[in-house]
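See below for the structure under consideration.
Both counts, for ligands and for their atoms, begin at 1 and track the order of listing. Note: hydrogens, waters and symmetry copies are ignored here, and every other heavy atom, side chains too, is used.
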Amino acid sequence: MAKIIPKIFRINTGSCNGCDVEFVATAFVDKFHITSLNVELVDDVKDANLLVITGPLTARSESFLKNALTKLRKPFVVVGVGTCSVSCGIFRDSYAINGPIDKFVAVDVNVAGCPPRPESIAEGIAKGIKVLEQKLNGEVIPKKIDTIFSDFSAPASFRGRMDLNADMCTGCRTCETVCPSTAIKISEDANGFIHKIWHNSCCYCGNCAYFCPTGAIFSTNSFDTVKLQNEKYSDVNVSHIFYDECTCCGEKYMPPSRGLLSKSYIKEDRNKLNAAICSKCRKEENFKRMYG
Ligand code: SF4
Ligand code: SF4
Ligand code: SF4
């Protein structure tokens, strides 16, 4: 097996510098294990075989990236650091953006996060080194690489990957509207709503959780954000919110959130009744109850 000496060159393709600051922390703080990987940071791209890219790739930086790619030692691997590099993140719709970077370069490892935690950056580089070893030895690149640094954890209050409690969701689309990264997509079919959270676009701002009227969407303290390129488009949380059939008129309807209903109607029997009928029948029922 060929001996591997990973030499890292970092290029900023229009980052806000948040990811770069985290990269520096990763490089200089021992507890993130980067030293155990025996890597070397180089300041000349010609010496590098592991390219770390931060930023969404602005129009202005495109030629710098293309130029760097011609000079790297071969074989090399590319690790995209930060949600911007993966999907352009909050800059996605900007006129100044030509990215994401995988339009121009074969990315090997994506490290999502805005910015990613240093632990994730270290994990991304460790996985990049594994891919580099495979390339050097002419082996097939694996579809998945197991977690390398399993001793990392985040505090309970950490705002990490978002999750959804589909029982609480009413498909109101507030989260989709307030998401600055267009990471949430809600569609509708004959059976109800399909709620998707694209983890490679999320910037962990927490807006969706803050504005969700029912508390259905929430952040977890998971920062499992490092994915090989082939996993990029499958890192999606998909939830189905199914229609109910109105017990009164038989029409299909979106049931109200049980959590929200219990706040609106204190009596349990009213909760049950209102949860089982459509909004039209509910209005009629409430009207009859109030005015006879
Ligand atoms: S991912 Fe976030 S922190 Fe990193 S460059 Fe983009 S906006 Fe800045
Ligand atoms: S935390 Fe929510 S609102 Fe913010 S980017 Fe992620 S999905 Fe969108
Ligand atoms: S998660 Fe909350 S804000 Fe988003 S559609 Fe469901 S209820 Fe509405």
Side-chain angles (χ1 to χ4, degrees), residues 10-26 52-58 61 79-94 96-97 99-101 110-118 120-121 124 158-188 192-223 225-226 235-242 254-261 263:
R10 180 186 58 85
I11 185 165
N12 176 336
T13 61
S15 145
C16 75
N17 279 345
C19 286
D20 306 275
V21 170
E22 296 303 319
F23 182 77
V24 170
T26 313
V52 166
I53 305 176
T54 59
L57 191 67
T58 56
S61 60
V79 178
V81 167
T83 296
C84 280
S85 71
V86 186
S87 65
C88 298
I90 55 172
F91 301 116
R92 177 182 293 169
D93 298 323
S94 165
I97 300 299
I101 55 171
N110 290 294
V111 183
C114 182
R117 285 176 73 87
S120 297
I121 298 175
F158 174 70
R159 202 165 62 215
R161 283 162 72 94
M162 305 307 292
D163 203 354
L164 185 90
N165 178 350
D167 285 344
M168 294 289 282
C169 180
T170 59
C172 72
R173 295 179 184 258
T174 304
C175 53
E176 187 183 40
T177 306
V178 299
C179 176
S181 305
T182 50
I184 297 177
K185 293 275 176 222
I186 299 176
S187 53
E188 202 174 348
F193 287 94
I194 301 143
H195 186 292
K196 290 184 182 169
I197 308 170
W198 289 82
H199 294 296
N200 58 13
S201 294
C202 177
C203 67
Y204 308 97
C205 66
N207 253 6
C208 51
Y210 182 80
F211 287 104
C212 173
T214 68
I217 193 162
F218 58 95
S219 65
T220 68
N221 73 342
S222 161
F223 57 97
T225 58
V226 181
D235 193 17
V236 187
N237 181 325
V238 183
S239 310
H240 290 88
I241 303 120
F242 294 106
M254 178 52 59
S257 155
R258 304 311 193 252
L260 201 61
L261 207 60
K263 286 181 192 161

Which atoms from ligand 3 have a heavy atom of Thr214 less than 4.0 Å away? 7 (S)
Relative to the heavy atoms of Cys169, which atoms of ligand 3 are at a distance of less than 4.0 Å? 1 (S), 5 (S), 6 (Fe), 7 (S)
Using a 4.0 Å cutoff against the non-hydrogen atoms of Ile186, which atoms of ligand 3 qualify? 5 (S)
Against heavy atoms of Cys16, which atoms of ligand 1 measure under 4.0 Å? 3 (S), 5 (S), 7 (S), 8 (Fe)
At less than 4.0 angstrom from any non-hydrogen atom of Cys84, what atoms of ligand 1 do you find? 1 (S), 5 (S), 6 (Fe), 7 (S)
Output the list of atoms in ligand 3 that are nearer than 4.0 Å to some heavy atom of Pro213, sorted by atom number. 3 (S)
For ligand 1, which atoms have a heavy atom of Cys19 less than 4.0 angstrom away? 1 (S), 3 (S), 4 (Fe), 5 (S)
Derivation and outcome, side chain to side chain contact (heavy atoms under 4.5 Å, CB included), residues Val236 and His199: CA-CA 6 Å; Val236 187; His199 294 296; 5.7 Å; no
For atom 2 (Fe) of ligand 2, what is the closest protein heavy atom, and at what distance to 0.1 Å? Cys208 SG, 2.3 Å
Side chain to side chain contact (heavy atoms under 4.5 Å, CB included) between Arg10 and Val24, intermediate numbers included: CA-CA 10 Å; Arg10 180 186 58 85; Val24 170; 5.9 Å; no
Checking Thr54 against Asp20: is there a side-chain donor and acceptor pair closer than 3.5 Å? yes
Tell me whether Pro116 reaches ligand 1 (any heavy atom closer than 4.0 angstrom to a ligand atom). no
Please state which protein non-hydrogen atom is closest to atom 5 (S) of ligand 2 and give its distance, to 0.1 Å? Cys203 N, 3.3 Å
As a test of understanding, state which of Ser181, Pro180, Cys179 forms a side-chain contact (heavy atoms from CB on, under 4.5 Å) with Asn207. Pro180
Output the list of atoms in ligand 2 that are nearer than 4.0 Å to some heavy atom of Met162, sorted by atom number. 1 (S)
What distance do Met168 atom CE and Thr214 atom OG1 have between them, rounded to the nearest 0.5 Å? 5.0 Å
Looking only at heavy atoms, the pair that brings Met254 and Thr170 closest together is CG-O, 3.3 Å
Quick one: closest heavy-atom pair of Val86 and Pro100, and the distance? O-CB, 3.5 Å
State the atoms of ligand 2, each with its element, that fall below the 4.0 Å cut-off from a heavy-atom position in Asn207. 3 (S)
Supply the atom-to-atom distance Ser15 OG to Phe23 CZ, rounded to the nearest 0.5 angstrom. 12.0 Å
Considering only heavy atoms of Gly113, which atoms of ligand 1 have at least one such atom less than 4.0 Å away? 1 (S)
closest protein heavy atom to atom 1 (S) of ligand 2 is Gly206 N, 3.2 Å
Honestly, for Glu176 the part within reach of ligand 3 (heavy atoms, under 4.0 Å) is neither
Does ligand 3 have a heavy atom under 4.0 Å from the side chain of Leu164, from its backbone, from both, or from neither? side chain
Starting from atom 4 (Fe) of ligand 2, what is the nearest protein heavy atom, named by residue and atom, and what distance separates them? Cys205 SG, 2.3 Å
Contact flag Cys172/atom 8 (Fe) of ligand 3, N/O/S atoms, threshold under 2.8 Å: yes
Sub-4.0 Å heavy-atom contact, Thr54 with ligand 1: no
Run the ring pair (Phe, Tyr, Trp, His ring centres under 6.0 Å) test on Phe242 and His240 for me, step by step, so that the C-alpha distance in whole Å, both residues' side-chain angles and the decisive distance to 0.1 Å come before the verdict. CA-CA 6 Å; Phe242 294 106; His240 290 88; 5.7 Å; yes
Any atoms of ligand 1 less than 4.0 Å from a non-hydrogen atom of Thr83? List them with their elements. 1 (S)
Can you tell me which residue and heavy atom of the protein come closest to atom 6 (Fe) of ligand 2, and the distance to 0.1 Å? Cys202 SG, 2.3 Å
Side chain, backbone, both or neither: which part of Ile184 comes within less than 4.0 Å of ligand 2 when only heavy atoms are counted? side chain
Ignoring hydrogens and geometry beyond distance, is a side-chain donor-acceptor pair present between Thr182 and Arg92 at under 3.5 Å? yes
Distance from Ser239 atom OG to Asn165 atom CG, nearest 0.5 Å? 9.0 Å
Name the one of Cys19, Ser85, Ser120 that satisfies side-chain contact (heavy atoms from CB on, under 4.5 Å) with Val111? Ser120
Please check if any side-chain donor atom of Asn110 sits under 3.5 Å from a side-chain acceptor atom of Asp235, or the reverse. no
Axial cation check for Phe223 ring with Arg117, 6.0 Å and 45° limits: yes
Among all protein heavy atoms, pick out the one at the shortest distance from atom 8 (Fe) of ligand 2; state its residue, atom name and that distance to 0.1 Å. Cys179 SG, 2.3 Å
The atoms of ligand 3 lying under 4.0 Å from a heavy atom of Cys175, numbered in the order shown, are 1 (S), 3 (S), 4 (Fe), 5 (S)
Are Asp163 and Asn237 close enough that a side-chain donor and a side-chain acceptor fall under 3.5 Å? yes
Going by the order shown, which atoms of ligand 1 are within less than 4.0 Å of some heavy atom of Ser15? 5 (S)
Which part of Thr170 is near ligand 3, with near meaning a heavy atom under 4.0 Å away: side chain, backbone, both or neither? both
So, Thr177 and Thr174: side-chain donor and acceptor under 3.5 Å apart, yes or no? no
Ligand 3 atoms nearer than 4.0 angstrom to some heavy atom of Cys212 are 1 (S), 2 (Fe), 3 (S), 7 (S)
Which ligand 1 atoms, with their elements, are less than 4.0 angstrom from a heavy-atom of Phe91? 7 (S)
